Each structure stands twice: as C-alpha cells, then as structure tokens.
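The figures that follow rest on heavy atoms only: side chains count, while hydrogens, waters and symmetry mates do not. A quick note: this is a predicted structure, and the numbers were derived from the prediction, not measured. Sequence lines set the chain letters: A, B, ... in the order given, protein chains first and strands last, and positions in each chain run from 1.
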Number of protein chains: 2
Amino acid sequence: MGRKTDQRDAIRNVFRRAQRPLTANEVLDRAAESVPGLGIATVYRNIKRLHEDGWLIPVDLPGEPSRFELADREHHHHFRCDDCGKVYDIPGCHAPDDHAPAGFQVTRHEVWLFGMCPECAA
Amino acid sequence: MGRKTDQRDAIRNVFRRAQRPLTANEVLDRAAESVPGLGIATVYRNIKRLHEDGWLIPVDLPGEPSRFELADREHHHHFRCDDCGKVYDIPGCHAPDDHAPAGFQVTRHEVWLFGMCPECAA
DNA sequence: CTACTTGCAAATGGTTTGCAGGCGC
DNA sequence: GCGCCTGCAAACCATTTGCAAGTAG
C-alpha cells in the first residue's frame, strides 16, 4: 500500500473517525489539523489510492462532489435529506440484483433514497 | 415555458427522438445539425429550463456528466454496462420506498444496476 | 541512494455566467 | 420596442497532473 507518511496516516485516521461519507475538502480540513500545510492534491491522491486498494468506497450524489467512506462495512445504501442535505447510512439491502431484463448480467447496484430525515420532519 | 426559438425546438426534438439519456454535448452535436452555430451554453440553459419545467429528468451517475431524458414516462431505473459504458433503461420498479428506518420519510429513490449488457456478454 | 511522496501551481473538463447583440411577440 | 434568447468568452468548481524538492526505507 506504499510508504507510511504523516499525511497518509492523518487522512486514514480522518476516515476512521468519520461517522458519515466525507468529501475531499472535508478530509483536507480535518487532516490539516494534525498535518499543517497538507495540500488538496495529496488528499485526492491518497483517496484515489485508498479507493484502488479497496480501503475506501465512493458515495456519489448527483450534482455534488464525491464522498468516500470506509469499505469494511456491510453493504448498505444511503439516504439524503432534501431539507438539510445530510447523508445517512441505511443498513441492509432491499434491492435484489436480479430484476434486469434477460441478457443483462447484474454484478452490482446502487440505491439512493431521498426525502425527509427524522430531525427535519420534526 | 418561454419563447419559441429554433434552438429550443431543435433541443426538444433531440430528446423526443432519443432512445436513451443524453449528455449536454450529445444534445449539442445532434441539435447543431439543424441549427448551425448552436452554442453549448444555450444547450445548458435550455436543459436547465426544461428540467425546471418538469419536461426533462436528470439521470446522473458517479464520475460522469449529467444526462437527461423525457419526464413523461413510467418510473424506471437504469443499467450501466461496465464494459461499453452504455446506459440502458430498465422498465419497472423493484425497489420499494419503505425500507428506511423509522422516522425517515422517503419520497423518491434512484436505483442503478451495473454489470454486462447483452451485447458485451456475447 | 533511489523511488515514492508531497506541495504548489497550472491544466482539465463539465457547467455557469456576464455581456452585447438579436429576435419573438 | 421591450424583454427574453443567443453566442462567445471568461469564470467556476472539483479534480488531475507536471515538476522540482523532500523523505522513507
């Protein structure tokens, strides 16, 4: 997985501490606290590598920058609140892979739910 | 819905003829055939307006430019071939909205299937 | 010492916007 | 004629890359 550097350690720790998917800029802000001078390019390069190594998985939403979260978790989906914009993890999977027309081989799927979160609904 | 212009007509006709979601550039290429000199900014402006008017719906997937398709169709999902990159419409809906934890009010969902399309599987 | 890493700045690619001229109504 | 539309170019924003200097092993 390459060399051990302060930057990479800091970036990995940020993800380990995170309770939700993070954007590159959020990672930069948090990691820069322990590694002053950290550059955004380094964050992107490390995120890319950690993703390639299977340590991170991308969480993308239309019109927003990519977010990433730890890969070592159960398969799950995401919920985005239309009101506050927060992204929540939704445990479990209720979208079987086998509903494509004949001939299509489905190997993976993504499900996003949108609506109002408990906080905003109150 | 605003004035009638050659540009807007051409752009709408492109979508009416399309068999799959299109990117802004794909729309530009096709619409420019009937309206030489058409600019990409005009395409974006019209797509934005047609979307706001509910005539188009966005079809987004990670790391790729937004695509759009006609809104007046049954709810359906999309399949993206990992091999050739083409995006297919998948009729029907097999992802019920009611699988979020208590407190979450789900009003909308998006489902993407990934894998191999019939052509590439052959 | 050598190769991998980093920071900076410039480049990229999709999308948006400012502006002056054009055209639908 | 008024105000919406358009084309062009410049601006934006997230992300990537070139490059020279730094550092892990």
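Separating the CG atom of A:Asp29 from the P atom of D:dA14 is a distance of 12 Å, rounded to the nearest angstrom. Atom CG in B:Asp6 sits roughly 15 Å away from atom C1' in D:dC4 (whole-Å rounding). Regarding B:Ile47, its CD1 atom lies at a distance of 13 Å from the C1' atom of C:dT16, rounded to whole Å. B:Lys48 places its NZ atom 19 Å from the P atom of C:dG14, with the value rounded to the nearest Å. Taking atom CG of residue A:Leu28 and atom C1' of nucleotide D:dT16, one finds them 16 Å apart after rounding to whole Å. In this structure, the CG atom of A:Leu61 is 15 Å from the C1' atom of D:dA14, given to the nearest Å. Distance, B:Ile11 CD1 to D:dT6 C1': 10 Å, rounded to whole Å. The CG atom of B:Asp9 sits 16 Å away from the P atom of C:dC23 (whole-angstrom rounding).
Look at B:Asn25 and you won't find any side-chain N or O under 4.0 angstrom from OP1 or OP2 of C:dG13. The shortest distance between the side-chain N/O atoms of B:Thr5 and the OP1/OP2 oxygens of D:dC4 is not below 4.0 Å. The side chain of B:Tyr44 places an N or O atom within less than 4.0 Å of a non-bridging phosphate oxygen (OP1 or OP2) of C:dT15. The side chain of A:Arg49 places an N or O atom within less than 4.0 Å of a non-bridging phosphate oxygen (OP1 or OP2) of C:dT5.
The side chain of B:Arg45 has C:dG18 as its nearest neighbour among D:dG25, C:dG18, C:dT15. For B:Gln7, counting side-chain heavy atoms from C-beta on, the closest listed nucleotide (D:dT6, C:dG7, C:dC25) is D:dT6. In this structure, of C:dT17, C:dT15, D:dG7, it is C:dT15 that holds the atom nearest to the side chain of B:Pro65.
Comparing B:Thr42 and B:Arg3 along DNA chain D, the residue whose closest nucleotide (by nearest heavy atom) sits nearer the 5' end is B:Arg3. Across the interface with DNA chain C, nearest-nucleotide mapping of A:Gly2 and B:Ser66 shows A:Gly2 to be the residue nearer the 5′ end.
Looking at B:Arg8, its side chain has no donor and acceptor atom pair within 3.5 Å of the base of C:dG24.
Between A:His76 and A:His78, the ring planes lie perpendicular to each other; the angle is over 60°, past the 30° to 60° tilted range. Using cut-offs of 30° and 60° on the angle between ring planes, the pair B:His77 and B:His109 is tilted.
Contacts of A:Leu38 with the nucleic acid, taken as non-hydrogen atoms under 4.0 Å apart, involve only primed sugar atoms and P, OP1 or OP2.
Pairing each heavy atom of B:Cys117 with each of B:Tyr88, the nearest pair is SG-OH, 3.3 Å.
Under the 4.5 Å side-chain criterion, counting only non-hydrogen atoms from C-beta, A:Pro118 is in contact with B:Phe104. Using a 4.5 Å heavy-atom cutoff, the side chains of B:Arg20 and B:Glu26 are in contact.
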